[in-house]
K.L.:
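Pasting in a structure now, in structure tokens, and then I'll have a few things to ask.
Computed from a predicted model, the values in this text were never measured in an experiment.
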Amino acid sequence: MLKPNRNNDFANIITGRRSVKLYDEDVKISKEELQAILQEASLAPSSANMQPWRVIVVHSPEGKNKLRPLVQFNARQNDTSAAMLIILGDTRSELYVEDIYNTAVELGKMPSDVRDKQVAQIMSMFPQLPRELKIEIAKVDASLFAMQLMLVARAHGYDTNPMGGFERDKIVSAFDLDDERYVPVMILSIGKAKEAGHESVRLPSEEITFWR
């Protein structure tokens, strides 16, 4: 457990997070604030800084109606949350590599010779990787983004719930995206809790650690 005197805000964000199933339907989150939350979550790390996470923000009544039959076991979250965030992994994230690294140089965060070397290495390797490996990389990185998003949301005063129970083979195409390129990772509901999520237990660190 984090000690409160280390950093009260950080400790509360970590130890106070709960998975919320029922939200206050009167609480909405503006597009601007949701965009800010997503931007802050995007500070998560990723392989070669390729940032393969993508998000479908389902917040309109029409979007919620389209999503509802695809999340049958999580309908309460869909119906009451401010938004449902469908986290995807992009298997073509190399398309953004030059933009990312050029911006790093422009902002003085990376020397141009380092950019040239790293971009060349990435582009000589990543496009040739098997699709299964690209999916694995995208899912790992998008999961890091999703966890950071849950903590950022809590820092903004909102609650979340990660969900894996949905129609994975239908959800990408249902929202008019290429299901060969984008792979579903999880869905996060976000809003203000109407019922507090219950506190759960975790295995002690001694049970999950192998010392060698």
Side-chain angles (χ1 to χ4, degrees), residues 7 9-10 13-14 17 28-60 63 82-158 160 162 171-191:
N7 183 314
D9 290 340
F10 181 67
I13 287 171
I14 298 292
R17 191 199 65 79
K28 308 299 180 184
I29 307 176
S30 70
K31 181 178 180 180
E32 291 73 22
E33 187 171 15
L34 271 173
Q35 205 74 63
I37 289 170
L38 294 171
Q39 188 66 55
E40 291 166 21
S42 290
L43 294 173
S46 62
S47 303
N49 195 28
M50 292 174 69
Q51 306 166 43
W53 44 76
R54 307 290 179 258
V55 186
I56 304 172
V57 181
V58 183
H59 68 112
S60 67
M84 298 282 276
L85 309 176
I86 305 172
I87 312 299
L88 308 175
D90 185 357
T91 63
R92 297 295 311 280
S93 58
E94 77 273 9
L95 297 175
Y96 296 86
V97 166
E98 290 192 6
D99 287 343
I100 291 169
Y101 280 78
N102 286 343
T103 301
V105 172
E106 291 167 7
L107 295 177
K109 298 179 183 294
M110 177 183 290
S112 58
D113 60 325
V114 174
R115 171 203 58 196
D116 295 344
K117 181 180 179 181
Q118 292 196 5
V119 169
Q121 288 177 339
I122 292 169
M123 296 308 293
S124 68
M125 177 188 67
F126 194 85
Q128 284 73 47
L129 292 177
R131 185 171 186 272
E132 292 75 16
L133 183 53
K134 290 183 180 181
I135 290 174
E136 182 179 346
I137 292 169
K139 284 186 172 183
V140 169
D141 290 345
S143 295
L144 290 171
F145 166 80
M147 185 69 249
Q148 182 135 310
L149 198 163
M150 286 187 277
L151 298 178
V152 169
R154 180 161 167 73
H156 278 253
Y158 299 112
T160 57
I171 200 159
V172 175
S173 58
F175 289 92
D176 305 316
L177 292 175
D178 181 359
D179 57 7
E180 283 295 312
R181 173 172 174 174
Y182 301 104
V183 294
V185 178
M186 71 181 76
I187 299 178
L188 300 180
S189 56
I190 183 171

K.L.:
Applying salt bridge (charged side-chain N to carboxylate O under 4.0 Å, His left out) as the test, list every pair that has at least one member in residues 132-145; sequence neighbours left out.
P.N.:
none
K.L.:
Can you see which heavy atom on I87 is nearest to which on A146, and at what distance?
P.N.:
CG1-CB, 4.4 Å
K.L.:
If you measure from CD1 on I137 to OG on S47, what distance do you get to the nearest 0.5 Å?
P.N.:
5.5 Å
K.L.:
Looking at every non-hydrogen atom in both residues, tell me the closest pair between T103 and D99 and how far apart they are.
P.N.:
OG1-O, 2.8 Å
K.L.:
Tell me whether the count of non-hydrogen atoms from other residues, nucleotides or ligands lying under 6.0 Å of CD in Q128 goes above 12.
P.N.:
yes
K.L.:
Can you confirm whether I171 sits close enough to I187 that some side-chain heavy atom of one is under 4.5 Å from a side-chain heavy atom of the other?
P.N.:
yes
K.L.:
Could you check whether any side-chain heavy atom of I86 comes within less than 4.5 Å of a side-chain heavy atom of L88, counting everything from C-beta outward?
P.N.:
yes
K.L.:
Measure the shortest side-chain to side-chain distance between L34 and H156 over non-hydrogen atoms and say whether it is less than 4.5 angstrom.
P.N.:
no
K.L.:
Do M50 and I122 make a side-chain contact, defined as non-hydrogen atoms from C-beta onward lying under 4.5 Å apart?
P.N.:
yes
K.L.:
Given side chains that start at C-beta, do those of I100 and N49 come closer than 4.5 Å, heavy atoms only?
P.N.:
yes
K.L.:
Treating S60 as the side-chain partner and G63 as the backbone partner, does any N or O pair qualify as donor plus acceptor under 3.5 Å?
P.N.:
yes
K.L.:
Is it true that a side-chain atom of T91 and a backbone atom of R181 form a donor plus acceptor pair closer than 3.5 Å?
P.N.:
yes
K.L.:
Please lay out, stage by stage, how F126 and S93 fare under the test side-chain contact (heavy atoms from CB on, under 4.5 Å).
P.N.:
CA-CA 9 Å; F126 194 85; S93 58; 4.1 Å; yes
K.L.:
At what distance, to the nearest 0.5 angstrom, does CG of L85 lie from CD1 of I190?
P.N.:
5.5 Å
K.L.:
Can you give me the closest heavy-atom contact between V105 and S112, atom names plus distance?
P.N.:
CG2-CA, 4.0 Å
K.L.:
If I take atom CG from residue N102 and atom CZ from residue R115, how far apart are they, to the nearest 0.5 angstrom?
P.N.:
5.0 Å
K.L.:
Does Q51 offer a backbone N or O that forms a donor-acceptor pair with the side chain of S46 under 3.5 Å?
P.N.:
yes
K.L.:
How long is the gap from CZ on F145 to OG on S42, to the nearest 0.5 Å?
P.N.:
4.5 Å
K.L.:
Is there a side-chain contact between P45 and L144 in this structure, where contact means two heavy atoms from C-beta onward sitting under 4.5 Å apart?
P.N.:
yes
K.L.:
Within the structure provided, determine whether T160 and S189 are in side-chain contact (heavy-atom separation under 4.5 Å).
P.N.:
no
K.L.:
Determine the minimum heavy-atom distance between P162 and R17, stating which atoms define it.
P.N.:
CD-NH1, 4.4 Å
K.L.:
With distance as the sole test, does R92 use its side chain to make a donor-acceptor pair with the main-chain N or O of P52 at under 3.5 Å?
P.N.:
no
K.L.:
Does any pair with a residue in residues 40-59 pass salt bridge (charged side-chain N to carboxylate O under 4.0 Å, His left out), and if so which ones, sequence neighbours excluded?
P.N.:
R54-D90
K.L.:
If you apply the rule side-chain contact (heavy atoms from CB on, under 4.5 Å), what do you find for M186 with M147, and how did you get there?
P.N.:
CA-CA 11 Å; M186 71 181 76; M147 185 69 249; over 6 Å; no
K.L.:
Can you tell me if E98 has over 12 outside heavy atoms packed within less than 6.0 Å of its CD?
P.N.:
no
K.L.:
If you compare all heavy atoms of A83 against all heavy atoms of H59, which two are closest, and at what distance to 0.1 Å?
P.N.:
CB-CB, 4.0 Å
K.L.:
Do Y101 and Q118 have side-chain N/O donor and acceptor atoms under 3.5 Å apart?
P.N.:
yes
K.L.:
How long is the gap from CD1 on I56 to OH on Y182, to the nearest 0.5 Å?
P.N.:
9.5 Å
K.L.:
To the nearest 0.5 Å, what is the distance between CG (L38) and CD (E33)?
P.N.:
11.0 Å
K.L.:
Can you find a heavy atom in the side chain of R131 that is under 4.5 Å from one in the side chain of E180?
P.N.:
yes
